[in-house]
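Note sheet for the following structure.
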Amino acid sequence: MNKMDNDGMKKRIAVLASGRGSNFQAVIDAIRGGRVPAACVRLFTDNPQAYAIERARAAGIPVTVVDYAAFPSREAYERDLFAAMQDCNADLFVLAGYMRIVGREIVQAFSGRIINIHPALLPSFPGLHGQRQAFLHGVKVSGCTVHFVDESLDGGPVIVQQCVPVLEGDDEDTLAARILEHEHRCLPEAIRLFCEGRLVIDGRRVHIR
Ligand code: GRF
């Protein structure tokens, strides 16, 4: 089989990221390393300053900036983002440090085709700063979660989770750094399972075939 044929069999994924993009980089590296049978066809970002843009350029991945600050309303922003997402013809959209809530129209249009990485063991500590919430709460174990995106806040069906102990002497930053290492493994793993066609959503449960 030549490379073109092989590429034709790969799932097309697009990534949405708002900031430094280390999870995006983990996905790029996993694809390059042959661990994820996908082609990353586009980066979307709401932030023209996002370092994720540099990572995309370095990897030769096209970038679409939909600058949130340039729109008069959230609805207007979402309309443009939605149109751009439809255009890119991706099988899967990966929220990798995308710091906005995805609107209903997009969630419904791409139901079962959007996943998100969250830096806590959901359903505990949804929303912003999951690591800080866990640290301040005093839990002994936290972690990360990759889940399908539905209309709730970080509440969609869970695909993979990994536990991370909270150690004596941790602060919010050391805990976040340890969780991030696990995020970088969990997210490519969840994408791999999706791309291999092994995820079956059954109500709240995701079966891995
Ligand atoms: C990660 O901790 C992710 O779980 C959270 O925001 C952070 C983004 O980091 N949603 P990066 O941009 O992937 O480096």
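Ligands are counted one by one from 1 in listed order, and the atoms in each one are counted from 1 as well. Quantities reported herein were computed from a predicted structural model and do not represent experimental measurements.
A search for side-chain hydrogen bond (donor to acceptor under 3.5 Å, both in side chains) contacts involving Asn89 returns nothing, not counting sequence neighbours. Under the rule for a salt bridge (charged side-chain N to carboxylate O under 4.0 Å, His left out), the partners of Arg192 that lie at least two apart in sequence or sit in another chain are Glu189, Glu196.
By heavy-atom distance, the residue among Gln25, Arg20, His118, His182 lying nearest atom 7 (C) of ligand 1 is Arg20.
Ligand-side atoms of ligand 1 in range of Gly21: 11 (P), 12 (O), 13 (O), 14 (O), range being under 4.0 angstrom from any heavy atom. Annotation for ligand 1: atoms under 4.0 Å from non-hydrogen atoms of Gly97 are 6 (O), 8 (C), 10 (N). Short contacts between ligand 1 and Glu183, defined as distances under 4.0 Å to a heavy atom of the residue, involve ligand atoms 1 (C), 2 (O), 3 (C), 4 (O). For ligand 1, the atoms closer than 4.0 angstrom to any heavy atom of Gln131 are 2 (O).
Shown here is Arg104, whose CZ atom has no more than 12 heavy atoms of other residues, nucleotides or ligands within 6.0 Å.
Assignment of Ala17 to the shell around ligand 1 is not supported, since no heavy atom sits closer than 4.0 Å.
Look at Arg178 and Asp170 and you find a salt bridge, because one of the NZ, NE, NH1 or NH2 atoms lies within 4.0 Å of a carboxylate O, short of that distance.
Side-chain contact between Phe125 and Phe135 is absent, with no heavy-atom pair separated by less than 4.5 Å.
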